[in-house]
Each structure stands twice: as C-alpha cells, then as structure tokens.
Amino acid sequence: DLGELLSLIRAHDASGYREAMQQRLARGGLLRFVHDTVAPLTRRVGEAWEDGSFAVFEEHLFTELTKRLLRQSIATLPTGGRPRVLLTSAPDEPHVLGLLMVEALLTLEGAECIPLGTQMPLLEIARAAEAHQADVVALSFSIAFPTRRIPGLLQQLRALLPPGVALWAGGSGVARLTPASGIQLLATLDDALGAL
C-alpha cells in the first residue's frame with residue numbers, strides 16, 4: 001500500500017518513511033523495490049505535488065530520502081561489466097530519481113553505469129562518453145521537462161557523439177515523442193531493460 005508511504009511523508013516522519021522503505025527493499029529485493037515501490041510512488045508524489053496535496057518541501061523530502069536509499073543499494077552491487085552506460089540529464093532537467101532507478105536495474109543486469117548526476121551540458125556529456133569509453137549515453141527526461149525541447153537536444157547530442165555510441169532517452173517526458181534515427185526512446189523501466 002503506497003498510501004502508507006505517502007502518509008509518512010505528509011506527516012513529516014522521515015525516520016518512519018526510511019524504515020518502511022528499507023523493509024520493502026529487504027523483503028522484495030532491489031528489482032521489485034524499484035518496479036513496485038519507487039517507480040509508482042514517484043508518480044504518485046508527482047501527482048500529489050501537481051494537485052497541491054503535497055508541499056514543495058514534502059516532495060523534496062521524499063526525493064532526498066529515496067535518493068539516499070537507492071544510492072546505498074547501488075553501492076553494494078558489483079560493477080565492471082558491459083555495456084558501459086553513462087547516465088545523466090540535459091541542462092534544465094534536475095530530476096534524478098529516474099536515473100537512479102535505471103542505474104539500479106542496469107547494474108543488477110551486469111552493466112557498468114557511470115552516473116554524472118543531472119543537468120550536464122551537452123558538450124560535457126559527449127566529452128565524458130569519450131573519456132569513459134561509454135557504449136551508451138542515457139538521458140532521463142521527467143514529465144515536467146518541456147516536451148518540445150527534447151528532440152532538438154537529442155539531435156544536438158547525437159551529432160556530438162561518435163556513431164558507435166548508442167543514445168537512449170528515457171522517462172515519462174519521452175512517452176509522446178516520435179522515434180528519430182540514432183536515438184532509442186525508452187518510456188518505461190522495462191523498455192530500458194529491453195534495450196540493454
């Protein structure tokens with residue numbers, strides 16, 4: 001019941017939320033935790049923020065506590081496999097939970113993830129892809145990012161990347177986009193696993 005977790009955030013009970021989330025993670029493992037808890041809970045929190053039933057500080061509390069838990073979980077996973085996936089977001093896209101969910105799932109599948117955080121300039125993304133010998137560059141776009149800006153950003157980045165480096169764009173923000181040559185659109189976590 002995600003309502004319990006939402007209630008803990010609304011009650012400003014950070015320790016209760018942390019404990020409830022850690023129990024869910026321990027019971028179901030990281031894969032199920034991301035799919036069955038973090039992804040739908042992130043959607044619900046976003047909806048609550050949009051309709052005004054969550055304050056900005058409550059949404060930030062949720063995000064920070066969830067980020068911490070995902071990062072701790074990812075840190076325990078073995079790394080060093082292939083493909084090498086560079087994870088980031090475009091300038092003006094500060095949302096990070098989508099990136100962390102994908103990083104957790106791809107790392108579980110044996111990929112080596114190189115997290116750069118959010119809001120990276122496109123030229124720096126291309127430079128990082130070369131420096132890290134990335135096989136894939138994966139960008140996350142939240143539903144809050146202006147959809148009309150995404151195709152142009154992706155085309156610019158595609159032109160900066162070597163032809164052998166795959167470019168993935170994922171998240172709710174790409175769900176309504178038309179596919180473009182050289183760019184793989186991944187609207188869901190399952191799409192990301194399929195692309196891997």
Side-chain angles (χ1 to χ4, degrees), residues 1-50 53-54 57-89 93-118 136 138-145 168-175 185-196:
D1 177 23
L2 298 178
E4 171 200 352
L5 296 168
L6 291 169
S7 295
L8 290 167
I9 294 294
R10 280 191 182 102
H12 316 134
D13 185 355
S15 61
Y17 175 79
R18 250 190 325 268
E19 184 179 310
M21 290 290 276
Q22 287 169 336
Q23 286 175 353
R24 283 174 176 259
L25 174 59
R27 280 196 308 264
L30 187 55
L31 179 67
R32 284 190 54 208
F33 179 68
V34 168
H35 270 288
D36 300 342
T37 299
V38 180
L41 188 60
T42 301
R43 278 190 296 279
R44 296 266 304 268
V45 168
E47 291 164 1
W49 178 81
E50 283 181 15
S53 60
F54 250 42
F57 78 88
E58 291 168 329
E59 185 270 338
H60 280 239
L61 177 65
F62 158 76
T63 299
E64 291 305 313
L65 294 174
T66 306
K67 280 185 345 189
R68 185 181 302 161
L69 185 54
L70 285 172
R71 284 189 172 127
Q72 289 169 348
S73 299
I74 291 166
T76 66
L77 299 173
T79 61
R82 284 286 201 200
R84 300 187 86 199
V85 182
L86 188 130
L87 296 157
T88 190
S89 72
E93 174 53 272
H95 296 90
V96 71
L97 284 181
L99 287 169
L100 287 170
M101 286 186 268
V102 169
E103 181 181 355
L105 296 181
L106 296 182
T107 304
L108 278 171
E109 291 295 317
E112 181 176 353
C113 293
I114 302 145
L116 295 183
T118 60
V136 178
L139 270 65
S140 176
F141 293 95
S142 69
I143 194 73
F145 195 85
W168 297 352
S172 315
V174 304
L185 300 178
L186 313 168
T188 69
L189 293 172
D190 288 335
D191 291 343
L193 288 175
L196 185 67

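No experiment lies behind these values; they were computed from the predicted model shown.
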Visitor: Return yes if some donor-acceptor pair links the side-chain N/O of Thr88 with the main-chain N/O of Leu139 below 3.5 Å, else return no.
Guide: no

Visitor: Would you say Thr66 and Met101 make side-chain contact, with heavy atoms under 4.5 Å?
Guide: no

Visitor: Flag the pair Val102 / Ser140 as yes when at least one side-chain heavy-atom distance between them is below 4.5 Å, and no otherwise.
Guide: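 Not in contact.
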
Visitor: Under 6.0 Å between ring centres, would you say that holds for Phe57 and His12?
Guide: yes

Visitor: What distance separates Cys113 SG from Leu106 CG, expressed to the nearest 0.5 Å?
Guide: 4.5 Å

Visitor: Heavy atoms only: give me the nearest Leu186-Ala195 pair and the separation to one decimal.
Guide: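 Looking at all heavy atoms of both residues, the shortest contact is CD2-CB, 3.8 Å.
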
Visitor: Would a 4.5 Å heavy-atom cut-off, applied to side chains only, mark Leu77 and Glu103 as touching?
Guide: no

Visitor: Go through the steps for Leu69 and Phe33 under the test side-chain contact (heavy atoms from CB on, under 4.5 Å), then give the verdict.
Guide: CA-CA 11 Å; Leu69 185 54; Phe33 179 68; 3.6 Å; yes

Visitor: Determine the minimum heavy-atom distance between Val85 and Ala138, stating which atoms define it.
Guide: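 Smallest interatomic distance, heavy atoms only, reads CG1-CB, 4.0 Å.
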
Visitor: Would you please say whether a donor-acceptor pair under 3.5 Å links the side chains of Gln72 and Thr76?
Guide: no

Visitor: Quick check for you: to the nearest 0.5 Å, what is the distance between Leu65 atom CG and Gln22 atom CD?
Guide: 10.0 Å

Visitor: Which distance, rounded to the nearest 0.5 Å, do you find between the CG of Leu108 and the CG of Leu193?
Guide: 9.0 Å

Visitor: Tell me the closest heavy-atom pair linking Pro94 and Thr118, and the distance in Å.
Guide: O-CG2, 3.6 Å

Visitor: Does any non-hydrogen side-chain atom of Leu105 lie less than 4.5 Å from one of His35?
Guide: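 In contact.
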
Visitor: Would you give the length of the straight line joining atom CH2 of Trp168 to atom CG of Leu196, rounded to the nearest 0.5 angstrom?
Guide: 5.0 Å

Visitor: Could you tell me whether a side-chain N or O of Glu93 sits under 3.5 Å from a main-chain N or O of Ser142, the two making a donor and an acceptor?
Guide: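 Flag set: sc Glu93 to bb Ser142 pair under 3.5 Å.
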
Visitor: Between Pro78 and Thr107, which heavy-atom pair has the shortest distance, and what is it?
Guide: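 Looking at all heavy atoms of both residues, the closest pair is O-CG2, 3.7 Å.
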
Visitor: Between Phe62 and Leu6, is any pair of side-chain heavy atoms under 4.5 Å apart?
Guide: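 Phe62 vs Leu6: side chains apart.
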
Visitor: Can you list everything that forms a side-chain hydrogen bond (donor to acceptor under 3.5 Å, both in side chains) with His60? Sequence neighbours excluded, please.
Guide: none

Visitor: Applying side-chain hydrogen bond (donor to acceptor under 3.5 Å, both in side chains), name anything that partners Ser7, two or more places apart in sequence or on another chain.
Guide: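 For Ser7 there are no side-chain hydrogen bond (donor to acceptor under 3.5 Å, both in side chains) partners, ignoring immediate neighbours.
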
Visitor: At their closest point, which heavy atom of Ile9 faces which heavy atom of Glu58, and how far apart are they?
Guide: CG2-O, 3.5 Å

Visitor: Does a salt bridge link Lys67 with Glu64, judged by any charged N lying under 4.0 Å from a carboxylate O?
Guide: yes

Visitor: Quick check: do Leu41 and Val38 have side-chain heavy atoms less than 4.5 Å from each other?
Guide: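 They are not in side-chain contact.
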
Visitor: Can you name the closest pair of heavy atoms from Gly16 and Asp13 and give their distance?
Guide: N-OD1, 2.8 Å

Visitor: Find out whether Leu70 and Val34 are in side-chain contact, i.e. whether some heavy atom of one side chain is under 4.5 Å from a heavy atom of the other.
Guide: yes

Visitor: Calculate, to the nearest 0.5 Å, the distance between atoms CG and CG belonging to Leu87 and Leu116 respectively.
Guide: 8.0 Å

Visitor: If we only count heavy atoms from C-beta on, is the Ser53 to Arg10 side-chain gap below 4.5 Å?
Guide: yes

Visitor: Roughly how far apart are Arg44 CZ and Thr42 OG1, rounded to 0.5 Å?
Guide: 11.5 Å

